Amino acid sequence: MAQKAVRMNEEITGRTRVEMVMATIRQRIAGRSLTPGARLPSVRGLAASMKLSTSTVVDAYERLVAEGAIVSRPGSGFYVANQAAPFALTEAGPKLDRAVDPFWISRQSLEADEADLKPGCGWLPPSWLPGEGMRRALRTLARAEGKALADYGSPLGLPPLRQLISRRMGERGIEASPDQILLAESGTQAIDLLCRFLLEPGDTVLVDDPCYFNFHALLRAHRAKIVGVPYTPSGPDLELFAQTLAEHRPRLYITNSAIHNPTGATLSPVTAHRVLKFAEQFDLTIIEDDIFADFEYVAAPRLAAFDGLERVIHIGSFSKTLSASARCGFIATRPEWIEGLTDLKIATSFGGGRMAAELVLNVLSDGGYRKHMEMLRQRLARAINEVSARLKGLGIKPWLEPQAGMFLWCRLPDGIDAADVARAALEKRIVLAPGNAFSLSQSATNFMRFNVSQTLDERVFAVLADVLGKTAR
């Protein structure tokens with residue numbers, strides 16, 4: 001057994017070294033230090049410079065030949081293929097001239113290289129997710145009958161998963177039968193379907209200020225008029241909320257109740273009741289985005305629980321706690337709206353993503369998921385304390401100390417523009433989230449959102465200290 005383990009480790013190490021050589025050559029080609037037709041370093045020369053065996057370099061070169069990235073000329077060596085891969089900004093360097101708008105953070109985070117740090121992104125590192133649970137679920141799914149792997153899912157969504165979601169919602173005081181739940185490909189698709197169903201171009205939609213930046217982008221795609229209301233540590237500013245409803249008569253209000261993005265605030269019961277009273281008075285429909293529910297220690301008030309899904313539509317997804325690759329979300333709403341939403345889902349995506357739904361069902365049904373979430377909540381709590389203390393040492397002050405979740409909404413030192421800091425940090429391969437990307441009124445110039453799970457690397461604080469010092473001067 002010991003000899004077998006040694007052989008396996010040698011094989012893994014060998015593969016890793018080959019991949020390292022391949023990545024080095026790809027990066028040189030992408031960065032144009034090796035142009036089409038250029039001769040690659042000799043096998044012996046590259047092996048010596050990288051302190052590797054010649055067989056490792058030969059293996060890497062042969063794989064690159066198979067990919068079409070390079071060509072072999074017997075007796076001459078290896079050369080970059082004439083049809084080289086197109087120039088890749090993500091490999092050669094970050095794009096710094098893009099406007100810091102709602103798409104800026106998403107594009108920089110999603111296009112970032114593996115070596116880049118992403119304190120501004122909205123998801124957990126892969127090592128913080130239930131990888132082993134996902135692997136078990138994938139093995140179970142691999143043994144499933146053929147239709148689970150090949151057929152379209154029903155438009156309403158996998159019945160056992162809808163039943164499980166119904167029970168999970170019940171734990172938070174929200175009563176919804178499985179027939180009131182429609183599965184979507186993600187939380188974003190859930191909002192997109194609801195906007196298609198409820199809005200006409202030019203309709204007014206109310207959002208928190210600040211709020212999740214993709215709400216802005218999605219609503220603009222639907223040609224909605226967007227108005228904002230300031231958000232406080234206990235929910236929207238009630239006086240301004242009422243004034244905005246009276247003045248603009250919005251059709252929808254989109255918000256997070258439990259763990260607010262980006263502030264980390266929690267809706268208070270008093271504010272929740274007042275918001276619902278105003279919604280009734282002004283005929284307002286509320287979309288309650290609850291994708292961070294499983295990060296809570298204690299369930300916060302839900303508008304859908306107080307309202308009974310009359311004026312409130314409750315949505316969620318599993319991208320933040322399971323995997324962003326297994327896209328699956330849901331909509332819970334009044335029964336008479338389900339059929340129309342199902343028709344829209346058929347029109348825009350046909351059948352449901354059955355494989356992703358089966359995978360999510362398997363993980364959530366596994367007893368290991370709850371244990372994982374208990375450990376994850378503790379890990380996030382420690383990270384919040386650590387990152388908060390380190391940021392305070394740099395003069396960056398959290399707006400509040402959140403009860404749960406992954407976000408810290410922070411004020412930079414006076415006179416510092418968060419967009420300037422973000423651009424300077426991007427030159428150092430660190431992606432930050434400047435405040436005005438979240439603010440409709442552009443009143444968060446010196447605020448920034450930090451994802452504590454992605455902010456623990458010492459390089460983040462070193463770069464912040466350097467950039468803040470230069471920006472202050």
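All of these numbers come straight from a predicted model, not from anything done at the bench. Keep in mind that the numbers below use all heavy atoms, side chains included, and drop hydrogens, waters and symmetry copies.
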Exercise. Can I291 and N261 be said to form a side chain to side chain contact (heavy atoms under 4.5 Å, CB included), step by step?
Worked result: CA-CA 10 Å; I291 63 172; N261 183 7; 6.0 Å; no
Problem set entry | Contacts of E358 that satisfy side-chain contact (heavy atoms from CB on, under 4.5 Å) - sequence neighbours left out |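 Partners of E358 under the side-chain contact (heavy atoms from CB on, under 4.5 Å) test: L141, A148, L158, R354.
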For this session: Quick one: list whatever passes side-chain contact (heavy atoms from CB on, under 4.5 Å) with P236, sequence neighbours left out.
Result: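 Listed in chain order: D208, V229, Y231, F241, Y253, L267, T271, V275.
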Problem set entry | Listed partners of R370 passing side-chain hydrogen bond (donor to acceptor under 3.5 Å, both in side chains), at least two apart | E171
Exercise. Should F450 and W409 be marked as a ring-ring contact (aromatic ring centres under 6.0 Å, His included) after you check the CA-CA gap, both sets of side-chain angles, and the distance that decides it?
Worked result: CA-CA 7 Å; F450 290 92; W409 180 241; 9.7 Å; no
Who are the salt bridge (charged side-chain N to carboxylate O under 4.0 Å, His left out) partners of [X], not counting sequence neighbours?
X	answer
E62	none
E296	R302
R135	none

Can you give me every donor-acceptor pair (side chain of residues 197-204, partner residue at least two apart or in another chain, under 3.5 Å) with its distance?
residue : atom : partner : partner atom : Å
D203    : OD2  : E200    : N            : 2.8

Exercise. Got a sec, which residues hit ring-ring contact (aromatic ring centres under 6.0 Å, His included) with F292, two or more places apart in sequence or on another chain?
Worked result: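 For F292 the ring-ring contact (aromatic ring centres under 6.0 Å, His included) partners, ignoring immediate neighbours, are F407.
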Exercise. Who pairs with F78 by ring-ring contact (aromatic ring centres under 6.0 Å, His included), at least two apart in sequence or on another chain?
Worked result: Y61
Check whether [X] reaches the backbone of [Y] with its side chain - one donor and one acceptor, N or O, closer than 3.5 Å.
X	Y	result
E185	G353	yes
E288	L303	yes
K345	L183	yes

Sort and list the pairs that fulfil side chain to side chain donor-acceptor pair (under 3.5 Å) and have at least one residue in [range], not counting sequence neighbours.
range	answer
residues 43-53	S53-S55, S53-T56
residues 376-389	S388-E401
residues 119-130	none

For this session: Applying side-chain hydrogen bond (donor to acceptor under 3.5 Å, both in side chains), run through H314 and D289 and close with a yes or a no.
Result: CA-CA 6 Å; H314 193 78; D289 183 356; over 6 Å; no
